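So that the names make sense, note that chain A is the first sequence line, chain B the second, and so on, each numbered from 1. Every value quoted in this text rests on a predicted model; they were computed, and no experiment measured them.
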Amino acid sequence: MQKRLAHKILLKEFKNDPGLVAGADVAYSRNSGTLFAAILIFKFPMMKLVELSSARGKAEFPYIPGLLSFREIPVLLEAAERAFLQPDIIICDGQGIAHPRRLGLASHLGLLLDLPSVGCAKSRLVGEYGELGEEVGSTSKIVYKGKPVGAVVRTRKKVKPVFVSPGYKVDLKGAIRVVLDAGRGYRIPEPVRQAHLTVNRLRKEEEA
DNA sequence: GCGACAG
DNA sequence: ATCTTGTCGC
(Lines give C-alpha, C1' and ligand atoms only; values in the text may rest on other atoms or scores of the structure.)
Protein backbone atom coordinates (compact mmCIF):
# COMPACT_ATOMS: atom_id res chain seq x y z
CA MET A 1 0.00 0.00 0.00
CA GLN A 2 1.69 3.19 -1.15
CA LYS A 3 0.79 6.65 0.04
CA ARG A 4 0.45 9.41 -2.50
CA LEU A 5 2.57 12.48 -2.22
CA ALA A 6 2.63 15.13 -4.87
CA HIS A 7 1.03 15.12 -8.28
CA LYS A 8 1.36 18.08 -10.55
CA ILE A 9 0.05 18.46 -14.06
CA LEU A 10 1.94 21.43 -15.37
CA LEU A 11 0.75 21.43 -18.97
CA LYS A 12 -2.20 19.10 -19.36
CA GLU A 13 -2.81 20.29 -22.92
CA PHE A 14 0.03 18.00 -23.90
CA LYS A 15 -2.04 14.92 -23.17
CA ASN A 16 -1.57 12.30 -25.88
CA ASP A 17 0.93 14.51 -27.64
CA PRO A 18 3.94 12.67 -29.08
CA GLY A 19 7.40 13.45 -27.84
CA LEU A 20 7.01 12.86 -24.13
CA VAL A 21 10.06 11.48 -22.35
CA ALA A 22 9.89 10.41 -18.73
CA GLY A 23 12.54 9.83 -16.11
CA ALA A 24 12.13 7.74 -12.97
CA ASP A 25 14.09 7.33 -9.79
CA VAL A 26 13.75 6.18 -6.18
CA ALA A 27 15.31 7.33 -2.92
CA TYR A 28 15.42 5.63 0.44
CA SER A 29 15.17 7.03 3.95
CA ARG A 30 16.81 4.64 6.40
CA ASN A 31 15.35 6.38 9.40
CA SER A 32 11.77 5.70 8.34
CA GLY A 33 12.46 2.74 6.08
CA THR A 34 10.58 4.64 3.40
CA LEU A 35 11.02 4.64 -0.36
CA PHE A 36 10.21 7.73 -2.42
CA ALA A 37 9.57 7.44 -6.14
CA ALA A 38 9.19 10.15 -8.74
CA ILE A 39 8.37 10.11 -12.42
CA LEU A 40 8.88 13.35 -14.31
CA ILE A 41 7.57 13.76 -17.82
CA PHE A 42 9.19 16.16 -20.26
CA LYS A 43 8.07 17.47 -23.62
CA PHE A 44 10.72 16.55 -26.15
CA PRO A 45 12.89 18.01 -27.60
CA MET A 46 12.68 21.30 -25.71
CA MET A 47 12.68 19.29 -22.52
CA LYS A 48 9.98 21.27 -20.80
CA LEU A 49 8.66 19.66 -17.62
CA VAL A 50 4.98 18.83 -18.15
CA GLU A 51 4.17 16.54 -15.24
CA LEU A 52 5.53 15.41 -11.91
CA SER A 53 4.13 12.34 -10.22
CA SER A 54 5.38 10.79 -7.01
CA ALA A 55 4.61 8.23 -4.36
CA ARG A 56 6.02 6.89 -1.15
CA GLY A 57 5.88 3.56 0.57
CA LYS A 58 7.61 1.34 3.09
CA ALA A 59 10.51 -0.73 1.73
CA GLU A 60 9.24 -4.31 1.87
CA PHE A 61 12.24 -5.93 0.24
CA PRO A 62 15.99 -5.49 0.80
CA TYR A 63 18.43 -4.40 -1.84
CA ILE A 64 19.98 -7.46 -3.43
CA PRO A 65 22.05 -7.09 -6.61
CA GLY A 66 19.95 -8.52 -9.43
CA LEU A 67 16.71 -8.20 -7.48
CA LEU A 68 16.40 -4.41 -7.34
CA SER A 69 12.98 -4.60 -9.01
CA PHE A 70 11.40 -6.36 -6.05
CA ARG A 71 12.37 -3.42 -3.89
CA GLU A 72 11.61 -0.45 -6.15
CA ILE A 73 8.89 -1.58 -8.55
CA PRO A 74 5.94 -1.24 -6.11
CA VAL A 75 6.46 2.43 -5.33
CA LEU A 76 7.42 3.18 -8.94
CA LEU A 77 4.18 1.60 -10.16
CA GLU A 78 2.21 3.70 -7.72
CA ALA A 79 3.85 6.86 -9.05
CA ALA A 80 3.24 5.72 -12.63
CA GLU A 81 -0.43 5.01 -12.00
CA ARG A 82 -0.81 8.49 -10.58
CA ALA A 83 0.48 10.07 -13.79
CA PHE A 84 -2.13 11.68 -16.00
CA LEU A 85 -0.01 11.94 -19.11
CA GLN A 86 1.18 8.94 -21.07
CA PRO A 87 4.90 9.25 -21.94
CA ASP A 88 6.27 7.70 -25.11
CA ILE A 89 9.24 6.28 -23.28
CA ILE A 90 10.65 6.19 -19.79
CA ILE A 91 14.27 6.20 -18.68
CA CYS A 92 15.06 4.45 -15.40
CA ASP A 93 17.96 4.73 -13.00
CA GLY A 94 19.11 1.13 -13.33
CA GLN A 95 19.68 -1.64 -15.83
CA GLY A 96 17.48 -2.73 -18.69
CA ILE A 97 18.42 -6.12 -20.17
CA ALA A 98 22.01 -5.83 -18.94
CA HIS A 99 20.92 -8.10 -16.14
CA PRO A 100 21.55 -11.72 -15.06
CA ARG A 101 18.01 -12.60 -16.10
CA ARG A 102 17.75 -10.01 -18.84
CA LEU A 103 15.13 -8.26 -16.71
CA GLY A 104 16.56 -5.27 -14.91
CA LEU A 105 14.47 -2.55 -13.27
CA ALA A 106 13.87 -0.68 -16.52
CA SER A 107 12.77 -3.82 -18.37
CA HIS A 108 10.53 -4.88 -15.53
CA LEU A 109 8.84 -1.49 -15.23
CA GLY A 110 8.37 -1.14 -18.99
CA LEU A 111 6.83 -4.59 -19.17
CA LEU A 112 4.37 -3.94 -16.36
CA LEU A 113 3.37 -0.58 -17.82
CA ASP A 114 3.56 -1.80 -21.42
CA LEU A 115 5.66 1.27 -22.05
CA PRO A 116 8.93 1.54 -23.99
CA SER A 117 11.73 1.84 -21.46
CA VAL A 118 15.47 2.42 -21.22
CA GLY A 119 17.91 1.56 -18.49
CA CYS A 120 20.52 4.17 -17.61
CA ALA A 121 22.65 3.01 -14.69
CA LYS A 122 25.60 4.72 -13.08
CA SER A 123 27.61 1.54 -12.72
CA ARG A 124 27.90 -2.02 -14.01
CA LEU A 125 25.91 -5.01 -12.88
CA VAL A 126 26.96 -7.62 -15.45
CA GLY A 127 28.86 -7.82 -18.71
CA GLU A 128 32.20 -6.75 -20.05
CA TYR A 129 33.07 -3.71 -22.11
CA GLY A 130 36.10 -2.09 -23.62
CA GLU A 131 37.50 1.40 -23.44
CA LEU A 132 35.53 4.12 -25.18
CA GLY A 133 36.45 7.46 -26.67
CA GLU A 134 36.46 10.56 -24.52
CA GLU A 135 34.23 12.57 -26.83
CA VAL A 136 30.63 13.05 -25.82
CA GLY A 137 28.58 10.45 -27.65
CA SER A 138 31.28 7.77 -27.65
CA THR A 139 30.02 4.29 -26.86
CA SER A 140 31.36 0.82 -26.22
CA LYS A 141 29.22 -2.27 -26.34
CA ILE A 142 28.53 -4.22 -23.14
CA VAL A 143 28.68 -7.96 -23.76
CA TYR A 144 27.25 -10.53 -21.39
CA LYS A 145 27.58 -14.25 -22.00
CA GLY A 146 28.50 -13.59 -25.61
CA LYS A 147 25.55 -11.34 -26.28
CA PRO A 148 25.41 -7.54 -26.61
CA VAL A 149 23.14 -6.26 -23.84
CA GLY A 150 23.92 -2.58 -23.75
CA ALA A 151 26.63 0.04 -24.02
CA VAL A 152 28.63 2.39 -21.89
CA VAL A 153 27.91 5.90 -23.14
CA ARG A 154 29.98 9.03 -22.67
CA THR A 155 27.54 11.81 -21.86
CA ARG A 156 30.18 14.27 -20.61
CA LYS A 157 33.85 14.75 -21.30
CA LYS A 158 36.23 13.53 -18.64
CA VAL A 159 33.39 11.93 -16.73
CA LYS A 160 32.59 8.28 -16.08
CA PRO A 161 30.20 6.97 -18.75
CA VAL A 162 26.66 5.78 -17.99
CA PHE A 163 25.54 2.18 -18.54
CA VAL A 164 22.74 2.12 -21.07
CA SER A 165 20.69 -0.91 -21.99
CA PRO A 166 17.36 -1.51 -23.74
CA GLY A 167 14.51 -1.88 -21.30
CA TYR A 168 11.35 -2.82 -23.11
CA LYS A 169 10.24 -2.38 -26.72
CA VAL A 170 13.37 -0.43 -27.68
CA ASP A 171 16.63 -1.56 -29.26
CA LEU A 172 20.14 -0.58 -28.22
CA LYS A 173 20.41 2.10 -30.89
CA GLY A 174 17.19 3.68 -29.71
CA ALA A 175 18.19 3.45 -26.07
CA ILE A 176 21.48 5.21 -26.69
CA ARG A 177 19.80 7.87 -28.83
CA VAL A 178 17.23 8.68 -26.17
CA VAL A 179 19.84 8.98 -23.46
CA LEU A 180 21.97 11.31 -25.54
CA ASP A 181 19.08 13.36 -26.92
CA ALA A 182 17.45 13.79 -23.52
CA GLY A 183 20.73 14.83 -21.96
CA ARG A 184 21.44 18.39 -20.99
CA GLY A 185 25.17 18.46 -20.59
CA TYR A 186 25.06 16.53 -17.35
CA ARG A 187 26.20 12.94 -16.94
CA ILE A 188 22.69 11.75 -16.17
CA PRO A 189 19.96 12.45 -18.76
CA GLU A 190 17.74 15.32 -17.64
CA PRO A 191 14.54 13.32 -16.94
CA VAL A 192 16.35 10.94 -14.60
CA ARG A 193 18.44 13.70 -13.11
CA GLN A 194 15.37 15.73 -12.25
CA ALA A 195 13.60 12.65 -10.89
CA HIS A 196 16.64 12.08 -8.70
CA LEU A 197 16.59 15.64 -7.38
CA THR A 198 12.88 15.29 -6.73
CA VAL A 199 12.99 12.10 -4.68
CA ASN A 200 15.84 13.40 -2.57
CA ARG A 201 13.91 16.62 -2.01
CA LEU A 202 10.90 14.58 -0.86
CA ARG A 203 13.08 12.48 1.42
CA LYS A 204 14.70 15.52 2.98
CA GLU A 205 11.46 17.31 3.74
CA GLU A 206 10.12 14.23 5.47
CA GLU A 207 13.25 13.76 7.53
CA ALA A 208 13.01 17.40 8.49
C1' DG B 1 35.61 -21.19 -0.95
C1' DC B 2 36.53 -16.42 -3.32
C1' DG B 3 35.28 -12.34 -5.73
C1' DA B 4 31.51 -9.48 -7.90
C1' DC B 5 27.62 -7.08 -6.93
C1' DA B 6 22.10 -1.69 -10.52
C1' DG B 7 20.24 1.12 -6.04
C1' DA C 1 21.35 3.88 -1.76
C1' DT C 2 22.97 6.69 2.59
C1' DC C 3 26.47 8.90 5.95
C1' DT C 4 28.96 14.08 4.98
C1' DT C 5 32.41 19.71 3.88
C1' DG C 6 35.34 21.40 1.76
C1' DT C 7 37.97 21.27 -2.09
C1' DC C 8 40.85 20.32 -6.42
C1' DG C 9 40.26 20.36 -11.36
C1' DC C 10 38.18 21.37 -15.99
- Message: I need the NZ-C1' distance between Lys157(A) and dG9(C), as an integer number of Å.
- Response: 16 Å
Taking the side chain from [X] and the backbone from [Y], do they hold a donor-acceptor pair closer than 3.5 Å?
| X | Y | answer |
| --- | --- | --- |
| Thr139(A) | Val153(A) | no |
| Arg56(A) | Thr34(A) | no |
| Gln95(A) | Ser123(A) | yes |

When all nucleic acid strands are considered with a 4.0 Å heavy-atom cut-off, which category describes [X]: base, sugar-phosphate, or nothing?
| X | value |
| --- | --- |
| His108(A) | nothing |
| Ala98(A) | nothing |
| Asn31(A) | nothing |

- Let me have a per-nucleotide readout for nucleotides 2-7 of chain B, 5' to 3', with B, S or -, counting only protein heavy atoms under 4.0 Å. --SBBB
- Task: Look up atom CG in Leu77(A) and atom CD in Glu81(A), then write down how far apart they are to the nearest 0.5 Å.
- Result: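 Leu77(A) CG to Glu81(A) CD: 5.5 Å, rounded to 0.5 Å.
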- Task: State plainly whether one hydrophobic cluster holds both Leu115(A) and Leu112(A), where clusters connect Ile, Leu, Val, Met, Phe, Trp and Tyr through side-chain heavy atoms under 4.5 angstrom apart.
- Result: yes
- Item | Position toward the 5' end of DNA chain C (nearest nucleotide), Lys158(A) or Glu207(A) | Glu207(A)
- Message: Is Asn200(A) close enough to dT2(C) that one of its side-chain N or O atoms is under 4.0 Å from OP1 or OP2 there?
- Response: yes
- Query: According to a strict under-4.0 Å criterion, is Arg203(A) in side-chain N/O contact with OP1 or OP2 of dA1(C)?
  - Reply: no
- Row check, Tyr28(A) ring normal vs Arg71(A) NZ/CZ: under 6.0 Å, within 45°: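 Pair Arg71(A)/Tyr28(A) counts as cation-pi.
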